[in-house]
Amino acid sequence: MGISFKEVDHSFRGLKKKEIYHALLDISLDINEKNEFIAVVGKTGSGKSTLLKHMNGLYLPTKGNVCIFDSKLTPKPRKNPKLKQVRKRVGYVFQFPEYQLFEETVLKDIMFAPINFGFSREEAKKKAIEVAKLLKIENLLNKSPFNLSGGQMRKVAIAGILAYDPDILLLDEPTRGLDPLGALEIMEIFNKIHKETGKTIIMITHDMNLVYEYATRVVVMNNARITYDGDKVKLFSSNIYKENNLAKPEVLELIDYLNKKLNLNIDYNNFTLDDLLLKLRDIKVGDNNE
Ligand SMILES: Nc1ncnc2c1ncn2[C@@H]1O[C@H](COP(=O)(O)OP(=O)(O)OP(=O)(O)O)[C@@H](O)[C@H]1O
Ligand SMILES: [Mg+2]
């Protein structure tokens with residue numbers, strides 16, 4: 001098992017004495033080390049980022065335990081194993097990338113984590129340049145990370161994680177702040193990494209089109225609890241998505257419309273617009289009207 005939550009709660013102290021907010025309640029969740037592409041979705045404030053921060057020990061549970069590979073994290077910090085090895089294996093791209101950048105140049109920033117995890121300077125530089133090419137940000141390598149746009153910062157933060165090649169990638173809204181083409185490019189890169197290396201990816205997003213296109217499993221959060229964990233077709237063909245304030249992916253809106261208007265019978269296993277267009281090529285309108 002890659003990551004496993006057992007009856008985890010996480011609460012934050014409020015400003016007033018004895019006031020506490022529950023950000024996670026009774027979370028049990030098993031994530032395989034390999035071959036999962038999980039979308040974590042849910043309305044704002046539902047606990048998604050807090051959940052991800054438990055997956056590489058940024059937060060400790062206030063009740064229950066989280067196992068990350070062989071490391072068991074419990075509410076007692078002193079009894080917990082060292083987190084460096086865990087963090088090398090589970091990379092986290094933050095929701096706000098500006099929190100993650102701090103070096104003088106983009107190149108140094110991307111090299112920081114690999115060096116910290118034991119790569120030589122030479123290896124780290126080679127890796128940094130390789131991922132900068134992959135993300136098309138080679139032209140930024142000598143700039144200060146603080147003089148970049150939000151979308152460029154996000155790409156640099158992503159490069160800093162890919163450079164040390166963790167086994168599991170945690171992505172907190174990875175396409176936020178990117179233009180549509182940039183968002184598509186980034187998603188295709190993650191998808192390629194997932195397909196070619198079998199790395200498990202856990203991605204928070206508010207974009208249900210991305211969820212439908214890429215995820216192999218969806219975890220829905222609502223008011224600090226997991227309210228659904230499973231297949232995307234089932235999620236969007238039942239009322240569960242509505243009950244959790246989620247939008248319907250556009251491709252499904254289109255399938256619903258075509259099925260109703262033209263009396264067709266297209267199923268929800270067409271995950272992208274391209275799938276749907278291919279399917280439509282084989283359908284003669286009127287076929288199902290007889
Ligand atoms: N450091 C903190 N101190 C106190 N409360 C916090 C802290 N971080 C999060 N919370 C609270 O915990 C709850 C869950 O927050 P979290 O950031 O996990 O939500 P989210 O689902 O990621 O939301 P969004 O979609 O807006 O990013 C919220 O009510 C939030 O106010
Ligand atoms: Mg969040």
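Counting starts at 1 for both ligands and their atoms, in listed order.
Here the side chain of His206 pairs no donor or acceptor atom with the backbone of Lys43 at under 3.5 angstrom.
Within the 4.5 Å cutoff, the side chain of Met208 has no heavy atoms near those of the Lys248 side chain. Put simply, the side chain of Phe37 reaches to within 4.5 Å of the side chain of Ile201, judged on heavy atoms.
Remark: Asp70 CG is loosely packed, at most 12 non-hydrogen atoms of other residues, nucleotides or ligands lying under 6.0 Å away.
Of the inter-residue distances, the one linking Phe117 atom CZ with Arg89 atom CZ reads 12.5 Å to the nearest 0.5 angstrom.
At a threshold of 2.8 Å, the Mg ion (ligand 2) has no backbone or side-chain N, O or S atom of Thr44 nearer than that distance. For the Mg ion (ligand 2), the set of nearby N, O or S atoms under 2.8 Å includes none belonging to Thr50.
A distance limit of 4.0 angstrom between heavy atoms and ligand 1 selects the residues Phe12, Ala23, Lys43, Thr44, Gly45, Ser46, Gly47, Lys48, Ser49, Thr50, Tyr59, Gln95, Glu173, His206.
Applying the 4.5 Å side-chain rule to ILVMFWY residues, one finds that Leu15 remains a lone member of its cluster.
Heavy-atom minimum distance, Val218 versus Leu235: CG1-CD2, 3.7 Å.
With the Mg ion (ligand 2) as the vertex, OG (Ser49) and OE1 (Gln95) define an angle of 80°, rounded to 10°.
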